[in-house]
Every structure is written in C-alpha cells, then in structure tokens.
*Asks:* 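Sharing a structure below in structure tokens format, with a few things to ask.
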Amino acid sequence: MPRTKKVGSAGRFGPRYGTKVRKLVVEVEKKLKQDYKCPSCGALKVRRTCSSIWQCRRCGAKFAGGAYTPAAVAAPAEKSPPKEGA
C-alpha cells in the first residue's frame, strides 16, 4: 500500500482514527526517525534502538534520553505562590 505526500507515514491507517490523531502520529514519527547529533563524537549518526535508548552508529556510544528525541524536554517549572507572613 503506497503512501501519499499528504498523509505520509499515517497512510497505513486509512480513514481510521481521525485527522488530528494521524497528524500527531506523523509529527512524532518524523522526530523519531531523524538522525541526531552524538554527544560524545559529534556525528549526526544517533538513532533510537528502543524506547528512550539512543545509540551512535559511528562511535557506538549508548545513552538514555527521551522517548522520541535524545534530549528529554522538561516541562516548565511552576512557581509556588509567596508565603504569607514570612
């Protein structure tokens, strides 16, 4: 079943699951499949081997990262309200 330009890798789902979910899947899969920079040798050869495990195909360095990108993006920290009477 060939993919089209418009739907990309989500073409395998056909009309199922709705357009928003399929667009999110395409976005995540693009991030997942691209090559990233290795933190030890600097080559653009880092690929995901399994969930949150990334490995450089040049130097063999293996490290933990985010599920879809090597650098996990932390949520912004919430400021606690000022304490009264202090």
*Asks:* Does the side chain of F63 come within less than 4.5 Å of I53's, by heavy atoms?
*Replies:* no

*Asks:* Quick check: do R22 and V26 have side-chain heavy atoms less than 4.5 Å from each other?
*Replies:* no

*Asks:* Counting N and O atoms only, with roles assigned by atom type, does the side chain of R48 sit under 3.5 Å from a partner on the main chain of A67, one being a donor and the other an acceptor?
*Replies:*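 Answer holds: yes.
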
*Asks:* Roughly how far, to the nearest 0.5 Å, is SG of C38 from CZ of R57?
*Replies:*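 One gets 11.5 Å once the value is rounded to the nearest 0.5 Å.
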
*Asks:* Check this for me, if you would: do R12 and E29 make a salt bridge, where the nitrogen-to-carboxylate-oxygen distance has to be below 4.0 angstrom?
*Replies:* yes

*Asks:* Can you tell me how far CG of L32 sits from CD of E27, rounded to the nearest 0.5 angstrom?
*Replies:*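 With rounding to 0.5 Å, CD (E27) is 12.5 Å from CG (L32).
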
*Asks:* Flag the pair D35 and K45 as a salt bridge only when some basic side-chain nitrogen lies within less than 4.0 angstrom of an acidic carboxylate oxygen.
*Replies:*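 Salt bridge: no.
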
*Asks:* For V21 and F13, what are the C-alpha separation, side-chain angles and deciding distance, and is it a side-chain contact (heavy atoms from CB on, under 4.5 Å)?
*Replies:* CA-CA 10 Å; V21 172; F13 299 128; over 6 Å; no

*Asks:* Does G66 offer a backbone N or O that forms a donor-acceptor pair with the side chain of W54 under 3.5 Å?
*Replies:* yes

*Asks:* Would you call C56 and S40 a side-chain contact if the rule is heavy atoms closer than 4.5 Å?
*Replies:*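 The answer is no, as the side chains (C-beta and beyond) never meet within the 4.5 Å cut-off.
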
*Asks:* Using modelled atom types and a 3.5 Å cut-off, is there a donor and acceptor pairing between side-chain atoms of R47 and backbone atoms of Y36?
*Replies:* no

